Amino acid sequence: MARSLSWDDLKYDMQPWIRTAVDSMGFETMTPVQASTIPMFSGNKDVVVESVTGSGKTVAFVIPILEKIVKEVLNGAPLKKGNFYSLVISPTRELASQIQSVIDKFLAYYPDEPCPIQSQLLVGSSSSTVRDDANTFMENKPQVLVGTPGRLLDFLKTKAVKTASCGIIVLDEADKLLDVSFEKDVEAILSMLPKQRRTGLFSATISSAGDQIFRTGMRNPVKIAVKSKVQAPESLKISYVVVKPEDKLQYLLYILNHVRYRKCIVYFPTCISVTYFYSFFKHLFKLGIMNETLEVYSLHGKLQTSSRLGTLEKFSVSLNNSVLLTTDVAARGIDIPEVDLVLQLDPPTSAEMFLHRCGRTGRANRAGKAITFLNRGREEDYVNFLEVKNIDLEEMKLKFNPSDEFSSIFKEWILADRARFENSVRAYVGFIRYYSKHSASSIFRLQSLDYVGIAKLYGLIRLPRMPEITQHLDNDEMPQDGWLIEPAVDLDSFSFVNPQMESSRLEELKKTKAIKDKNKLKSELKKKNAAWSNKTSSKESKGERKVKSAQRRKAIEEKIAQEESDDESEAEEDWKDMVRRNKKQKTSSQLQGNFSDL
Ligand SMILES: Nc1ncnc2c1ncn2[C@@H]1O[C@H](COP(=O)(O)OP(=O)(O)OP(=O)(O)O)[C@@H](O)[C@H]1O
């Protein structure tokens, strides 16, 4: 029998002000996931909830949390000093802040002034320390804490903070929180909480967390999976466009300038690629190549928290046609109802992330379109790969012819400042690393990558010396000395616009030129190019390449084992995660069950 979606049919007396809140927010009925989850999680059940993106999971855990706290508050027993009742963990600062604002929206309907219930946001930031957070906590006595794992863990370790009263905990985007990137912090947090508690795990892709689910200490959890056959919401139309890599940017701009949308999110592979293309887009605005009515924002994980949250806020409230250039940092959970278009320059490294990215649109039954670019050649197979996972994509044909003039504009822009040239190389190298991490590695193969086409996409004037290129590019495809433009540029006189950068470059150049000894010069240059230098000669045999590749991998693993988290990019972080995961898979033996056993 179909479950009733009427709020009136909930099996307990909802607090009247919570009912007023849902009515005022225009939530006429519950969504299916709310109808299934709220009674369970408000009762004494641990829940593991999987339901498509944009299906209302946040409200499905916020209401039970608030109901529990109201009961405690109405019971009259005051919250003991330094205690709190509930904890919500989220993988990103943006999502934590969004959850906090959903809670605040509900609390605005509490009938008494001041509202006796409060929540506090705990995310890493340069403007507030853990001590500041602890002082605010002791002063305001919030019952709910919402935060990201690292900061929450540091906060909970503060002496004044007591966890004994925490009776309800939520892991939002639980599969992400339980993967290698957060697992340690999350497990440490869970171990500090009372065993007698209610735990809720929520995500659109939680089944991918597998056995990790059972490490959260839940007692007889109820599995709530609200899904149709397809993995994406029905309101979401997913398409793909097959292009040559060098034309991709022009296609992207064509869509941004010509397709009708209100708000669009564009996903790039790495932080540096967002920064790089954002600055090029600004130049295109000046030239009138970007539609002048568009507002473009950039957001990635290497920016300060305040700037990240500020940008997201500006993008969400903007009344104009706006575009957000971002990375996977804004792929999960972000709820901006007006987003009706999602573009992906490349597919992400996992099918789960593909669903999360696309799911930023087509939310709560609103129509949305997600378009992914695929490089012509091998990547078309991704469509079948996703189909097997019940994610259907339709091909989209664009009536548009890329122009040569665009590459001249790109080239001129690069040649005007050495900083742009260096960023183009960083973005390109970052992309190749990113590419090597695809979980669908039989489709996204380094061997099949069009290195020159991709270099043109990134506006490169010369191919960098990196092992992937020398290994996989045939000699006849390798441009003379790596140059992609004619005539080649004299790198010694290619200057930075920034005077400080230019003077330190000249200083450096002087030193290098002063080195007379050829061998010494060679070793100095080798050191300088260390980032992409442990290269192979282009004429190695397959066997030699295999051995060298294994050695390189070992070296990276050793480096990772030594290094802590001082990464240059999110991509790098993910690469580390992959290696750690591999190691873990080799050592981990305790199988306790999986999602489908629940
Ligand atoms: N009962 C309801 N009726 C109508 N809209 C709702 C209802 N509950 C929530 N919404 C709206 O649905 C949108 C999506 O909700 P939410 O962000 O909780 O989705 P989600 O399932 O957590 O998605 P994701 O997996 O992407 O994080 C929000 O804008 C929210 O306000």
Side-chain angles (χ1 to χ4, degrees), residues 3-10 14 18-39 41 47-66 88-92 94-106 108 146 170-177 200-209 224-228 231-236 262-263 265 267 312 316-317 328-340 342 352-368 370:
R3 185 184 287 271
S4 164
L5 297 181
S6 165
W7 292 105
D8 294 331
D9 291 337
L10 270 178
M14 200 187 226
I18 294 187
R19 181 58 202 267
T20 310
V22 291
D23 288 344
S24 311
M25 288 181 210
F27 301 164
E28 287 173 17
T29 59
M30 291 181 277
T31 64
V33 70
Q34 291 162 358
S36 307
T37 309
I38 295 173
F41 204 32
V47 292
V48 179
V49 181
E50 183 168 62
S51 155
V52 292
T53 50
S55 55
K57 294 186 285 295
T58 315
V59 167
F61 63 75
V62 164
I63 291 182
I65 288 176
L66 294 178
V88 181
I89 315 181
S90 135
T92 65
E94 287 77 3
L95 183 53
S97 162
Q98 184 180 290
I99 295 167
Q100 157 95 348
S101 66
V102 172
I103 295 173
D104 285 345
K105 269 189 202 152
F106 272 89
V146 185
V170 165
L171 270 62
D172 195 17
E173 306 298 341
D175 51 329
K176 181 69 196 160
L177 290 173
L201 310 186
F202 293 77
S203 178
T205 51
I206 202 164
S207 37
S208 66
I224 298 171
V226 185
K227 277 181 147 187
S228 61
Q231 292 259 35
E234 280 170 19
S235 50
L236 172 61
R262 199 39 207 93
K263 286 189 187 181
I265 300 184
Y267 288 100
L312 200 60
S316 344
V317 300
D328 286 337
V329 77
R332 282 176 175 262
I334 300 301
D335 180 56
I336 302 172
E338 295 84 13
V339 172
D340 47 2
V342 165
E352 286 79 29
M353 195 52 93
F354 182 85
L355 280 174
H356 288 286
R357 280 179 172 191
C358 295
R360 293 319 96 210
T361 185
R363 301 175 70 73
N365 283 331
R366 286 189 187 83

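Predicted model only: the values in this text are computed from it and were never measured. Remember, it's 1-based here, ligands and their atoms both numbered in the order they're listed. Start at 1 with the first residue, then count along the sequence. Heavy-atom basis, side chains included; hydrogens, waters and symmetry copies ignored.
When only non-hydrogen protein atoms are considered, atom 27 (O) of ligand 1 lies nearest to Gly333 CA, 3.2 Å. Scanning the protein heavy atoms around atom 31 (O) of ligand 1, the nearest turns out to be Phe27 CZ, 3.4 Å. Looking only at protein heavy atoms, the nearest one to atom 8 (N) of ligand 1 is Gln34 NE2, 2.7 Å.
Residue-ligand proximity, Thr53 to ligand 1, at heavy-atom distances under 4.0 Å covers atoms 23 (O), 24 (P), 25 (O), 26 (O). Interface of Thr31 with ligand 1, defined as ligand atoms under 4.0 Å from a residue heavy atom, comprises 1 (N), 2 (C), 7 (C). Residue Ser55 approaches ligand 1 through these ligand atoms, each under 4.0 Å from one of its heavy atoms: 19 (O), 20 (P), 21 (O). Taking every non-hydrogen atom of Glu173 and a distance limit under 4.0 Å, the qualifying atoms of ligand 1 come out as 27 (O). Within ligand 1, the atoms closer than 4.0 Å to a non-hydrogen atom of Arg363 are 14 (C), 16 (P), 17 (O), 19 (O), 20 (P), 23 (O), 24 (P), 26 (O), numbered from 1 in the order shown. Every atom of ligand 1 is numbered from 1 in the order shown, and the set under 4.0 Å from a heavy atom of Thr58 is 16 (P), 17 (O), 18 (O), 22 (O).
Between the Asp340 side chain and the Arg262 main chain, a donor and an acceptor come within less than 3.5 Å of each other. Although no hydrogens or angles enter the test, the distance criterion places a donor-acceptor pair under 3.5 Å between the side chain of Tyr267 and the main chain of Ala330. Judged purely by atom type and a 3.5 angstrom limit, Arg360 uses its side chain to pair as donor or acceptor with the backbone of Ala331. Ser203 places no side-chain N or O within 3.5 Å of a backbone atom of Ala174 that could act as its donor or acceptor partner. Glu338 places no side-chain N or O within donor-acceptor distance of the main-chain N or O of Lys263, the cut-off being under 3.5 Å.
Not a single heavy atom of Glu28 sits less than 4.0 Å from an atom of ligand 1. Not a single heavy atom of Val102 sits under 4.0 Å from any atom of ligand 1.
Residues Gly362 and Ser235 approach most closely at O-OG, 2.8 Å, considering heavy atoms. For the pair Ile206 and Val49, the tightest heavy-atom approach, listed with the atom from each and the gap, is CG2-O, 4.1 Å. Closest heavy-atom contact between Thr361 and Ala367: OG1-O, 4.3 Å. Of all non-hydrogen atoms in Asp172 and Leu177, the two that sit nearest each other are O-CD1, 3.3 Å.
Atom CD of Glu94 and atom CD of Gln98 lie 9.5 Å apart (nearest 0.5 Å).
The N/O atoms of Gln98, backbone and side chain alike, include none that comes under 3.5 Å of an N/O atom in ligand 1. Geometrically, ligand 1 and Ser51 share no nitrogen or oxygen pair separated by less than 3.5 Å. Residue Lys57 has at least one nitrogen or oxygen atom sitting less than 3.5 Å from a nitrogen or oxygen atom of ligand 1, judged on distance alone. Among the atoms of Arg366, none of the N or O lies under 3.5 angstrom from an N or O of ligand 1. Checking only distances, Gly56 does come within under 3.5 Å of ligand 1, N or O to N or O. Any N or O atom pair closer than 3.5 Å counts here, and Asp335 shares at least one such pair with ligand 1. Every N/O-N/O distance between Gly26 and ligand 1 stays at or above 3.5 Å.
Residue contacts with ligand 1, taken as heavy atom pairs separated by less than 4.0 Å, do not involve Arg332 at all. Under 4.0 Å from ligand 1, the heavy atoms of Arg360 that appear belong solely to its side chain. Neither the backbone nor the side chain of His356 has any atom closer than 4.0 Å to an atom of ligand 1 (non-hydrogen atoms only). Only the backbone of Thr29 comes within contact range of ligand 1, with a heavy atom under 4.0 Å; no side-chain atom does.
A salt bridge links Arg363 with Asp335; the closest basic N to acidic carboxylate O contact falls under 4.0 Å.
Of the listed options Ala364, Ser203, Pro337, Ala364 places a heavy atom closest to atom 12 (O) of ligand 1. Counting only non-hydrogen atoms, the option in Gly54, Pro32, Ala204 that gets closest to atom 24 (P) of ligand 1 is Gly54.
Take Arg19 and apply the side chain to side chain contact (heavy atoms under 4.5 Å, CB included) test, not counting sequence neighbours, and it matches Trp7, Asp8, Met14, Val22, Asp23.
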After noting the C-alpha distance and the side-chain angles of Glu173 and Thr92, does the key distance pass the side-chain contact (heavy atoms from CB on, under 4.5 Å) rule?
CA-CA 10 Å; Glu173 306 298 341; Thr92 65; over 6 Å; no
Quick one: side chains of residues 53-63, donor-acceptor pairs under 3.5 Å with protein atoms, not counting sequence neighbours, listed by atom name and distance.
| unit_1 | atom_1 | unit_2 | atom_2 | d |
| --- | --- | --- | --- | --- |
| Ser55 | OG | Ser51 | OG | 2.4 |
| Ser55 | OG | Val52 | O | 2.6 |
| Lys57 | NZ | Ser51 | O | 2.7 |
| Lys57 | NZ | Val52 | O | 3.1 |

